[in-house]
Q: 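What follows is a single structure, and I will ask about it in a moment.
In what follows, chains are A, B, ... by sequence order, proteins preceding strands, each numbered from 1. Values below: all heavy atoms of this structure, side chains included; hydrogens, waters and symmetry mates excluded.
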There are 2 protein chains.
Amino acid sequence: MSRTIDPYNALPKYIQLASILRQKIEDGEWEPRSPIPSERQLEVLYNISRTTIREAIDHLMRQGYIYREHGRGTFVSPQKLQKTLMELTSFSEDLIKRGIQPGQIIRSLTSVLPPVKILQKLELAPGTHVLCIERIRLGDNTPIGLQTSYLALAENQTITSEEMESSGSLYRILQEKFNIIPSEADETLEVTLATPEEADLLQIAEGAPLLLSERVLFAQNRKPIEFVKILYRGDRYRYYARLTR
Amino acid sequence: MSRTIDPYNALPKYIQLASILRQKIEDGEWEPRSPIPSERQLEVLYNISRTTIREAIDHLMRQGYIYREHGRGTFVSPQKLQKTLMELTSFSEDLIKRGIQPGQIIRSLTSVLPPVKILQKLELAPGTHVLCIERIRLGDNTPIGLQTSYLALAENQTITSEEMESSGSLYRILQEKFNIIPSEADETLEVTLATPEEADLLQIAEGAPLLLSERVLFAQNRKPIEFVKILYRGDRYRYYARLTR
DNA sequence: TAATCTAACTGGTAGTGACCACACTACCAC
DNA sequence: GTGGTAGTGTGGTCACTACCAGTTAGATTA
């Protein structure tokens, strides 16, 4: 990573500065709870205006790397799990962060007419067909979850099972093929009990407790792009979130 | 709510402007997906510099009220549940938002020596005593959760059961009495089954599925102030979160 | 000694002015 | 029609400046 600001770099200076500072924190060059250089010092150190400095610091603060104290200074956050900040993660990203090998079995990939409730969440007209993908999610080669995705793609857009097989990450396909970047999601979590079919697929007993997650995913323009329902095995999955005011 | 910016007001201008704009959105004066006045127009409308305008808009954007599109404008977010943004909420706030009448039964309020695991999460030395509050949480007068809080207060700080009874909200006491403002939390959720004692307290069958939430709450200065464990009745509670990248 | 004041820091708010990157439209040339 | 192009409006980035508001430590004073 660069150690100085390059004014000819295409990246904005505040992003360059933010990543320099982030690096120093992640490398442990600056101890938790210790102050980073003051804004006036950074101005001189990197030859950047305070406006830009503050913008970089704002970013790092919102990402939880540092915190400010009026009149005292700006300090490194003492957090252990910086990587698992409040972030929107795909299933595979999620598992990788926990050190578990993700995997999946694609059960089906078809165009379906979904229930009205789901069409409403996707803000689609009644009668619209959407792409439905059913998958069994694996962690270290054993089932952890049962996932059903409904995707609101444009007429001329579709995804093949080959693409799903080879890429592994639906979100990566959305991003690379259609330039759709997931940016926000509403999620609910509740407890249910496994039906016979679900129990069979997850290799657990009928009536075993499951964690049910339902999520509506929004793109950059705030349009809903996916409704996804995941049934997690209660004994093998723990949900993690970071909340902020 | 004020309709113009008052330069003599103690509140910063960008906060005044943000609340004016928020009001217009909540009142429906500006339709979802329609553009709000451009930054240059707002400059003239409210006689404020663009710096300040952008700061106000930044705030509203992070709170999910609006979104920006480079080259096109700034638009009102089409969100139905503005109130239940990704927010850190207390149990009572949470229920009120869902239209349920919160209540509680305080089972105990004592100084205890907690398990080492909890002391570690609170970043306290082994052997430290903390305030422990056990409560049964009610929704519309029937039990929905079993909550155990461990509070890392200073030597001279404590909370009485009278205060808990009268206020109802622990977070309000923390804020008003000790000036501690909860600002962040790490939370995990998983599924467990009710022990006989838990089943009895929650008035459900032994072995019924529960949603177990464990949360570490941090103050403004990033110091942990509370470890709280809540067992929710699986049949009466649903967890909601909004995730952002 | 203890309380007070002061100066020199820190981050917080605000204005001005400039230029860039992107989106849209109207117009023109082919 | 099609493709280009210039103009104008939008948000994005950046510099420089000024002053306000907390915090701290050291000097000063009672």
Q: Indicate whether the side chain of A:Glu187 and that of B:Tyr239 have a donor and an acceptor atom separated by less than 3.5 Å.
A: no
Q: Kindly indicate, with the supporting measurements, whether the criterion salt bridge (Lys or Arg N to Asp or Glu O under 4.0 Å) is fulfilled by B:Lys117 and B:Glu214.
A: CA-CA 12 Å; B:Lys117 169 196 151 202; B:Glu214 289 189 338; 3.5 Å; yes
Q: Check whether any side-chain N or O of B:Gln41 sits under 4.0 Å from OP1 or OP2 of D:dT10, and answer yes or no.
A: yes
Q: For B:Glu39, check salt bridge (charged side-chain N to carboxylate O under 4.0 Å, His left out) against everything at least two apart and list the hits.
A: B:Arg50, B:Arg54, B:Arg68
Q: Do A:Gln16 side-chain atoms and A:Leu11 backbone N/O form a donor-acceptor pair below 3.5 Å?
A: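 Yes.
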Q: Just jot down the side chain to side chain donor-acceptor pair (under 3.5 Å) partners of A:Thr148, sequence neighbours excluded, or say none.
A: none
Q: Roughly, in whole Å, what's the span from CD1 in B:Ile53 to C1' in D:dT10?
A: 14 Å
Q: Among all residues two or more places apart in sequence or in another chain, which pass the ring pair (Phe, Tyr, Trp, His ring centres under 6.0 Å) test with B:Tyr14?
A: B:His59
Q: Base contacts versus sugar-phosphate-only contacts with protein, heavy atoms under 4.0 Å: please encode nucleotides 11-16 of chain D as B, S and - from 5' to 3'.
A: BBBSBB
Q: Considering non-hydrogen atoms only, spot the tightest contact between A:Ala152 and A:Pro224 and give its length.
A: CB-O, 4.1 Å
Q: Test of understanding: with side chain to side chain donor-acceptor pair (under 3.5 Å), list the residues that count as partners of B:Lys24, not counting sequence neighbours.
A: B:Glu29
Q: Which stems does DNA chain C form, counting runs of 3 or more consecutive Watson-Crick or G-U wobble pairs with both distances under 3.5 Å?
A: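 DNA chain C stems, ordered by first number: C:1-30 with D:1-30.
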